[in-house]
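Notes follow once the structure below has been shown.
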Amino acid sequence: MAEQRFHTGSHDLPVSAALDEFMRTGWLDSEHHDLPRAEVAGWTPARRAALHRAFPGHRLVVPAGTFKARSNDQDYRFRPHSAYVWLTGDQSSDGVVVVEPDGDAVLYLRPRSARDNGEFFRDRRYGELWAGRRPTLGESTRALGVPTRHRDELLAALKPDTPTLVLRGLDAEVDTAVAPSSGDAELKAVLAELRLVKDAWEIAQLEEAVAITTRGFEDVVRALPQAKATSERLLEGVFWQRARLEGNEVGYHSIVAAGAHAATLHWIDNDGPVRDGDLLLLDAGAETRSLYTADITRVVPISGHFTPLQRDLYELCRKANDASLAALVPGAAYRDFHRAAMRVYAYGLADLGILPVSAEEALDEESGLYRRWTLCGSGHMLGLDVHDCAASRAENYLDGTLTPGHVLTVEPGIYFQPDDGLIPAELRGMGFRIEEDLLITETGYRMLSDGLPRTASDVESWMHRLAS
């Protein structure tokens with residue numbers, strides 16, 4: 001009673017019986033009968049087959065997930081789970097793909113709202129009048145090449161007569177309908193591990209993401225004069241505009257870190273001043289409409305020119321990045337490229353006179369004192385997620401080896417906190433990170449992000465060209 005008493009209710013007037021009946025009639029047939037097959041549909045059958053082979057005799061259930069509340073009655077824009085996208089190519093909310101023990105797959109979807117049952121105009125979350133048109137089941141089948149059924153039929157299909165594994169934590173209804181299994185954790189890991197090696201279609205999507213991101217970085221450099229009169233917020237918006245225009249949006253919160261904010265590894269407030277004499281660290285990536293993301297970082301002098309100290313530190317960062325790149329060969333241990341960069345940094349910090357021990361002593365695992373200024377890892381896999389395939393088991397990722405088809409970032413950074421009393425004052429409040437996106441090949445690597453400059457001199461020349 002109390003809950004009802006204090007509930008505001010709908011902002012809309014009640015719907016009369018006459019209006020209800022009137023709203024259900026008179027609609028034209030607007031089914032899309034000539035939809036082309038989605039390009040990704042040529043790749044998803046092999047992905048589902050690989051998953052099926054990993055779990056013979058099991059039914060496998062992978063949900064897309066549903067909306068997440070932002071505040072009160074406002075939801076975030078929906079973004080499906082990456083494993084679901086990889087298996088189906090579908091991006092709609094509430095979908096569930098079920099791979100049966102014989103390998104056949106069915107996609108259970110919430111289709112276009114019907115005109116004859118009131119959902120079209122009564123349901124604020126799914127009704128077409130409120131939320132836009134969803135594909136019909138027929139349209140989804142034609143576009144994705146997968147048999148589809150209504151989401152309402154899902155629970156009846158999940159009969160307990162078949163061993164069933166579920167990717168959990170995405171769909172409460174599915175989690176409740178299927179009893180937990182010890183194999184659920186393995187399903188989660190395998191879904192990540194199957195995505196470690198990218199196919200040719202995925203590589204093309206990542207190349208597109210990098211190309212959009214490159215243009216976004218150019219936009220940011222051109223906007224630096226305006227940002228000096230505003231803040232980092234303007235630069236964040238400039239990059240987001242490019243990502244949204246040419247892709248889906250940003251693949252992660254952009255890091256737009258001017259001045260001392262660059263020493264914060266994941267600075268996303270992006271509300272600080274942009275001043276001549278300071279550096280700007282921009283870590284950003286555009287997500288394509290197929291949901292693959294780039295992840296690139298560059299450091300630029302806001303004035304267009306590095307000071308001598310800034311140049312020296314930038315070049316130290318570049319040399320560490322170069323050392324990482326030299327370690328990228330198929331069969332190498334995944335962590336080798338990080339270790340290569342750390343040697344450069346340890347000796348660089350020793351040359352700066354701030355290490356309390358020798359570089360070799362600092363590099364000893366029992367010490368690691370150099371890490372005060374370079375604590376973060378030097379890269380990660382990249383794909384549908386910015387930190388892609390993160391649920392993979394360590395032996396197949398972090399403790400594994402590089403393989404042709406891996407796409408990863410290389411981003412060893414060095415950071416001097418503004419309140420670090422153990423370093424000279426002139427070093428405080430600066431951060432340096434150069435981040436590249438790379439594809440491991442049969443003989444080494446191919447840099448996907450080579451459209452952006454690397455050396456300090458090339459950065460200055462690039463900025464001067466964009467300003468003219």
| query | Checking salt bridge (charged side-chain N to carboxylate O under 4.0 Å, His left out) for the pair E460/R311: CA distance, chi angles, key distance, verdict? | reply | CA-CA 10 Å; E460 290 175 335; R311 179 181 293 271; 2.6 Å; yes
| task | Could you walk me through whether E208 and R289 pass salt bridge (charged side-chain N to carboxylate O under 4.0 Å, His left out), step by step? | result | CA-CA 10 Å; E208 180 184 349; R289 295 178 190 181; over 6 Å; no
| Any D295 side-chain heavy atom under 4.5 Å of D437 side chain | yes
| query | Taking C-beta and beyond as the side chain, do Y84 and V97 meet within less than 4.5 Å on heavy atoms? | reply | yes
| said: Determine whether a donor-acceptor pair (N or O, by modelled atom type, separation under 3.5 Å) exists between the side chain of E193 and the backbone of R393. | reply: yes
| said: Quick check for you: to the nearest 0.5 Å, what is the distance between I434 atom CD1 and C317 atom SG? | reply: 4.0 Å
| query | Taking T88 for the side chain and D90 for the main chain, is one N or O donor matched with an acceptor at less than 3.5 Å? | reply | yes
| Would you say R275 has more than 12 foreign heavy atoms packed within less than 6.0 Å of its CZ? | no
| request: Could you tell me which non-hydrogen atom of Y76 sits nearest to which non-hydrogen atom of F67, and how far apart they are? | output: O-CD2, 4.0 Å
| task | Could you check L191, V98, L165 and say which one makes a side chain to side chain contact (heavy atoms under 4.5 Å, CB included) with L60? | result | L165
| task | Look at atom CD of Q241 and say whether more than 12 heavy atoms of other residues, nucleotides or ligands are closer to it than 6.0 Å. | result | no
| message | Less than 4.0 angstrom from a charged side-chain N to a carboxylate O is my criterion; do E436 and R298 meet it? | response | yes
| field | Crowding at NE2, H464 (>12 non-hydrogen neighbours, <6.0 Å) | value | no
| task | Evaluate the side-chain hydrogen bond (donor to acceptor under 3.5 Å, both in side chains) criterion for residues E202 and Y292: first the C-alpha distance (whole Å), next the side-chain angles of each, then the deciding distance (0.1 Å), finally the verdict. | result | CA-CA 8 Å; E202 293 181 286; Y292 286 80; 2.7 Å; yes
| Is the shortest distance from a Lys or Arg side-chain nitrogen in K319 or D322 to a carboxylate oxygen in the other one below 4.0 Å? | no
| query | Within the distance-only criterion (no hydrogens, no angle test), does the side chain of H406 pair as donor or acceptor with the backbone N or O of T403 below 3.5 angstrom? | reply | yes
| task | Give a yes or no on whether a salt bridge exists between R48 and D104, defined as a side-chain N under 4.0 angstrom from a carboxylate O. | result | no
| query | So, the side chain of S392 versus the backbone of C389: is there a donor-acceptor pair under 3.5 Å, distance only? | reply | yes
| said: A quick test of your reading: do over 12 heavy atoms of other residues, nucleotides or ligands sit less than 6.0 Å from CZ of R149? | reply: no
| task | Please determine if E249 and R77 form a salt bridge, counting it only when a charged side-chain N lies under 4.0 Å from a carboxylate O. | result | yes
| Thinking salt bridges, do R428 and D420 make one under a 4.0 Å N-O criterion? | no
| request: Count the heavy atoms of every other residue, nucleotide or ligand shown that sit under 6.0 Å from CD of E442, and state whether that count exceeds 12. | output: no
| Should the heavy atoms of other residues, nucleotides or ligands under 6.0 Å from NE2 of H52 be counted, would the total exceed 12? | yes
| said: Within the structure provided, determine whether W373 and Y345 are in side-chain contact (heavy-atom separation under 4.5 Å). | reply: no
| message | Between E218 and L466 (side chain of the first, backbone of the second, donor and acceptor by atom type, cut-off under 3.5 Å), is there such a pair? | response | no
| Checking S468 side chain against R465 main chain: does a donor-acceptor pair fall under 3.5 Å? | yes
| said: Is the shortest side-chain heavy-atom distance between L422 and I354 below 4.5 Å? | reply: no
| said: Whether D388 and R195 form a salt bridge (side-chain N of Lys/Arg under 4.0 Å from carboxylate O of Asp/Glu) is what I want to check. | reply: yes
| message | For F306 and Y314, I'd like to know if the aromatic rings sit close, meaning centre-to-centre distance below 6.0 Å. | response | yes
| Side-chain contact, heavy-atom cut-off 4.5 Å: L325 with R454? | yes
| field | Trace of the side-chain hydrogen bond (donor to acceptor under 3.5 Å, both in side chains) decision for S324 with S378 | value | CA-CA 8 Å; S324 285; S378 294; 5.1 Å; no
| said: Regarding R244 and E287, does a basic nitrogen lie under 4.0 Å from an acidic carboxylate oxygen? | reply: no
| task | Please report the C-alpha distance between S231 and D271 in whole Å, then the side-chain angles of each, then the deciding distance to 0.1 Å, and finally whether the side-chain hydrogen bond (donor to acceptor under 3.5 Å, both in side chains) criterion is met. | result | CA-CA 6 Å; S231 73; D271 59 359; over 6 Å; no
| Criterion side chain to side chain contact (heavy atoms under 4.5 Å, CB included) against V210, the qualifying member of T214, L206, I212 | T214
| Does the pair D199/R47 count as a salt bridge with the N-to-O cut at 4.0 Å? | yes
| query | R433 and D283: salt bridge (charged side-chain N to carboxylate O under 4.0 Å, His left out), yes or no, with the steps? | reply | CA-CA 9 Å; R433 180 166 70 250; D283 184 334; 2.9 Å; yes
